[in-house]
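This report refers to the structure that appears directly beneath it.
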Amino acid sequence: MATTTSHATNTWIKPKLSMPSSKEFGFASNSISLLKNQHNRQSLNINHSLQAPPILHFPKQSSNYQTPKTSTISHPIHENNNSSSISKWNLVQKAAAMALDAVEGALTKHELEHPLPKTADPRVQISGNFAPVPENPVCQSLPVTGKIPKCVQGVYVRNGANPLFEPTAGHHFFDGDGMVHAVQFKNGSASYACRFTETERLVQEKDLGRPVFPKAIGELHGHSGIARLMLFYARGLFGLIDHSRGTGVANAGLVYFNNRLLAMSEDDLPYHVKVTPTGDLKTEGRFDFDGQLKSTMIAHPKLDPVSGELFALSYDVIQKPYLKYFRFSKNGEKSNDVEIPVEDPTMMHDFAITEKFVIIPDQQVVFKMSEMIRGGSPVVYDKNKVSRFGILDKYAKDGSELKWVEVPDCFCFHLWNAWEEPETDEIVVIGSCMTPPDSIFNECDEGLKSVLSEIRLNLKTGKSTRKAIIENPDEQVNLEAGMVNRNKLGRKTQYAYLAIAEPWPKVSGFAKVDLFTGEVEKFIYGDNKYGGEPLFLPRDPNSKKEDDGYILAFVHDEKEWKSELQIVNAMTLKLEATVKLPSRVPYGFHGTFINANDLANQA
């Protein structure tokens with residue numbers, strides 16, 4: 001049985017896009033259209049691409065670098081962006097830079113002579129409210145409708161992809177630079193700020209005045225992807241850039257651990273971001289846990305609510321070991337790495353923990369760099385591979401006791417929770433099974449489905465079962481980003497709060513799903529309003545009711561072109577308060593909440 005709640009409407013309306021003013025999209029007032037040679041291409045079957053995209057505004061690239069004529073979005077300039085690095089180049093470096101720029105220009109021109117797939121087309125990937133915004137300094141005393149609950153004291157932070165510079169060729173939404181949006185609550189009042197996470201990649205590109213680091217999904221495919229990698233490493237050899245300090249964008253996950261807010265993407269180390277007393281954000285730097293972490297870390301580490309430990313994975317797409325598991329004590333002391341034996345580099349975006357075990361998915365989306373030589377994408381759906389879940393003791397010192405259980409035809413981009421059921425010798429895993437598995441990364445004609453599922457791994461028989469939690473096909477909806485009550489992570493939970501990813505890829509509301517009965521309650525954001533991941537904030541950590549708390553979510557009105565933060569009672573699904581935000585908040589990824597006491601004790 002499904003019920004629907006909305007303070008505006010119970011139906012989904014296909015929005016009409018109103019055109020915002022130019023200042024909503026960046027820093028400059030001059031603008032031209034993107035990828036002119038492609039805009040006669042037939043419409044793409046992805047919802048936000050069916051609308052005429054707004055004109056985007058990006059920083060102008062350095063005058064030392066000429067954008068190919070086939071690329072046609074304009075961009076803001078950092079007028080002094082050549083003073084630091086370029087002015088220090090010697091004659092050999094300057095000559096090398098000119099030669100490499102000419103090669104890149106010819107490569108880009110060649111790429112744009114052919115239609116880009118929708119998974120790499122900026123006109124699709126960053127259109128509408130997926131488009132980037134400039135930084136916004138702190139705005140205090142924001143207008144509030146309703147009353148902010150007393151327990152909401154601290155800061156809600158959410159990560160997202162926000163490219164600083166114009167994509168000159170292919171661009172996937174996941175490729176954008178990391179930007180954190182923060183709403184701080186103090187005594188019933190709210191403030192807002194958003195800032196780029198100052199990654200090594202972003203700092204160097206700002207200094208050069210143009211994008212030079214390759215985009216992992218949008219650009220690195222086929223022979224041109226190999227050429228871009230060669231250009232990138234050639235620039236490194238000549239000292240034009242330094243890739244030894246990391247290449248990641250830190251745009252996906254956020255976790256507050258050991259008195260630090262960490263921004264993460266699986267292609268790098270985390271970045272430490274500090275929340276200032278005024279509610280602003282400041283990047284402290286790339287964080288290696290005092291020299292202990294020497295590899296990348298995925299964007300979804302798991303914080304055990306009882307022990308306070310942090311559990312994580314790291315994967316490598318080039319060399320073995322392809323996958324490693326490790327943990328940090330409550331005080332930030334890292335364990336030794338445990339190698340997880342997998343045959344191929346595997347897309348490992350998420351995993352799960354229970355009280356005793358770590359659950360590691362080895363699924364059908366893999367990395368095959370050889371596919372680039374054949375002209376394809378290195379992210380591959382391997383139909384011959386059987387998905388499996390690894391079960392390992394959380395405190396294992398090596399992988400000798402790892403148990404694999406096959407779960408055929410299963411790809412979960414996210415896992416929401418897992419727990420042990422000793423009476424049946426099973427581990428229950430809750431995740432959203434996505435088909436086609438690689439549809440986020442590669443163009444396909446089949447419509448995406450994301451089905452909330454219960455997967456049971458039998459430790460005694462080594463067998464698995466999988467079923468849809470919402471059994472009535474008429475009530476089935478795409479459920480993606482979300483969470484359970486994080487105070488119950490790794491323990492048996494009754495409820496999950498998940499984004500209703502419809503019309504895909506937009507989010508029209510969230511669903512509160514009873515994981516035991518399959519009952520669904522829906523909260524719809526309103527006419528022409530779309531959001532992202534719902535964050536569950538417990539009212540009281542000691543409450544006996546698992547759903548005693550509030551849902552926080554950024555919501556954007558595509559008709560009025562304004563954004564807000566909605567606070568919804570998780571028990572009743574009634575809107576408690578709406579915070580009106582001073583600028584647009586693009587659709588993004590994952591977030592967390594830092595309470596006022598933790599804020600006061602930041603490292």
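Side chains included, hydrogens not; waters and symmetry mates left out as well; all remaining heavy atoms used.
When the side-chain hydrogen bond (donor to acceptor under 3.5 Å, both in side chains) test is applied to Q204, no partner is found at least two apart in sequence or on another chain. A search for ring pair (Phe, Tyr, Trp, His ring centres under 6.0 Å) contacts involving F213 returns F232, not counting sequence neighbours. Listed by chain and number, the residues in a side-chain contact (heavy atoms from CB on, under 4.5 Å) with A252 are A299 (sequence neighbours excluded). Under the side-chain contact (heavy atoms from CB on, under 4.5 Å) criterion, I226 pairs with M230, M372, I373, sequence neighbours left out. Every side-chain hydrogen bond (donor to acceptor under 3.5 Å, both in side chains) that S224 has, sequence neighbours left out, goes to E111. The side-chain contact (heavy atoms from CB on, under 4.5 Å) test applied to T296 returns S314, not counting sequence neighbours. Listed by chain and number, the residues in a ring pair (Phe, Tyr, Trp, His ring centres under 6.0 Å) with F289 are F287, F328 (sequence neighbours excluded). The side-chain contact (heavy atoms from CB on, under 4.5 Å) check on P301 picks up V255, M264, M297, L310, A312, with sequence neighbours excluded. The salt bridge (charged side-chain N to carboxylate O under 4.0 Å, His left out) test applied to D288 returns no partner, not counting sequence neighbours. With sequence neighbours excluded, the residues that form a ring pair (Phe, Tyr, Trp, His ring centres under 6.0 Å) with F589 are F173, F174. Judged as a salt bridge (charged side-chain N to carboxylate O under 4.0 Å, His left out), and not counting sequence neighbours, the contacts of E200 are R245. Scanning for salt bridge (charged side-chain N to carboxylate O under 4.0 Å, His left out) contacts around K562 gives an empty result, with sequence neighbours left out.
A heavy-atom distance below 4.5 Å is found between the side chains of P167 and I126. Using a 4.5 Å heavy-atom cutoff, the side chains of Y530 and P503 are in contact. Side-chain atoms of V273 and L254, non-hydrogen and from C-beta on, never get closer than 4.5 Å to each other. Considering only heavy atoms from C-beta on, S432 stays 4.5 Å or farther from H414 through its side chain. Two residues are said to be in side-chain contact when any heavy atoms from C-beta on lie closer than 4.5 Å; Y587 and V507 fail this criterion. Side-chain atoms of F389 and D362, non-hydrogen and from C-beta on, never get closer than 4.5 Å to each other. The shortest distance between side-chain heavy atoms of K383 and Y381 falls below 4.5 Å. R195 has its side chain within reach of D280: a pair of non-hydrogen atoms, C-beta onward, lies under 4.5 Å apart.
Of all heavy-atom pairs between Q364 and S387, the closest is CG-OG, 3.3 Å. Counting all heavy atoms, side chain and backbone alike, V180 lies closest to L281 at O-CD1, 3.3 Å. Minimum heavy-atom separation, E480 to S450: OE2-OG, 3.5 Å. The minimum heavy-atom distance linking I318 with D316 is given by the pair N-OD1, 2.7 Å. Pairing each heavy atom of C412 with each of Q363, the nearest pair is N-OE1, 2.7 Å. When every heavy atom of S295 is checked against every heavy atom of F326, the shortest pair comes out as OG-CE2, 4.5 Å.
No salt bridge links D177 with K206; every basic N to acidic carboxylate O contact stays at or beyond 4.0 Å. A salt bridge does not link K274 with E284: every distance from a Lys NZ or Arg NE/NH1/NH2 to an Asp or Glu carboxylate oxygen is 4.0 Å or more. Using a 4.0 Å cut-off between a side-chain N of Lys or Arg and a carboxylate O of Asp or Glu, R210 and E104 qualify as a salt bridge. Using a cut-off of 4.0 Å between Lys/Arg side-chain N and Asp/Glu carboxylate O, K294 and D337 are scored as not salt-bridged. Residues D268 and R201 are not paired through a salt bridge, judged by the lack of any N-O separation under 4.0 Å between the basic side chain and the carboxylate.
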message: Between V249 and D175, is the side chain to side chain contact (heavy atoms under 4.5 Å, CB included) condition met? List the steps.
response: CA-CA 7 Å; V249 289; D175 290 328; over 6 Å; no
- request: Would you please test D242 and R235 for salt bridge (Lys or Arg N to Asp or Glu O under 4.0 Å) and show each step?
  value: CA-CA 8 Å; D242 181 3; R235 287 186 169 112; over 6 Å; no
- prompt: Are D409 and K385 close enough, and set up right, to give a salt bridge (Lys or Arg N to Asp or Glu O under 4.0 Å), and what steps lead you there?
  reply: CA-CA 9 Å; D409 300 317; K385 181 179 179 179; over 6 Å; no
Residue pair I360, M348: steps toward the side chain to side chain contact (heavy atoms under 4.5 Å, CB included) verdict: CA-CA 9 Å; I360 303 168; M348 193 67 60; 4.2 Å; yes
message: Working note: H171 + Q125, criterion side chain to side chain donor-acceptor pair (under 3.5 Å); need CA distance, chi angles, decisive distance, verdict.
response: CA-CA 7 Å; H171 180 90; Q125 293 293 314; over 6 Å; no
task: Could you go through the side chain to side chain contact (heavy atoms under 4.5 Å, CB included) check for Q93 and N90 one step at a time?
output: CA-CA 5 Å; Q93 288 176 309; N90 59 37; 3.3 Å; yes
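With rounding to the nearest 0.5 angstrom, the CG atom of L231 is 11.0 Å from the CG atom of L240. If you take CG on L323 and OH on Y325, they are separated by 12.0 Å, rounding to the nearest 0.5 Å. Note that the CZ atom of R286 and the CG atom of L293 stand 8.5 Å from one another [nearest 0.5 Å].
Checked by atom type and distance alone, the side chain of Q292 pairs as donor or acceptor with a backbone atom of K334 at under 3.5 Å. Between the T283 side chain and the E198 main chain, a donor and an acceptor come within less than 3.5 Å of each other. With hydrogens and angles disregarded, a donor-acceptor distance shorter than 3.5 Å links the side chain of D350 to the backbone of L415. Within the 3.5 Å criterion, the main-chain N or O of A553 finds no donor-acceptor partner in the side chain of R158. Put simply, the side chain of E533 never gets that close to the backbone of A499: no donor and acceptor are under 3.5 Å apart. Of the possible polar contacts, none joining the N251 side chain to the G160 backbone as a donor-acceptor pair under 3.5 Å is found. Judged by distance alone, the side chain of E135 and the main-chain N or O of F196 form a donor-acceptor pair under 3.5 Å. No donor-acceptor distance shorter than 3.5 angstrom exists from the side chain of N478 to the backbone of I500, with no hydrogens or angles considered.
Under the 6.0 Å distance and 45° angle rule, K324 does not count as a cation-pi partner of Y315.
Heavy-atom neighbours of H110 NE2 from other residues, nucleotides or ligands within 6.0 Å: at or below the threshold of 12. Other residues, nucleotides and ligands contribute at most 12 non-hydrogen atoms within 6.0 Å of the NZ atom of K282.
For the side-chain hydrogen bond (donor to acceptor under 3.5 Å, both in side chains) with N129, the qualifying choice from R584, K506, E558 is R584, the only one to do so.
In summary, the side chains of S563 and H556 do present a donor paired with an acceptor at a separation below 3.5 Å, with no hydrogens or angles considered.
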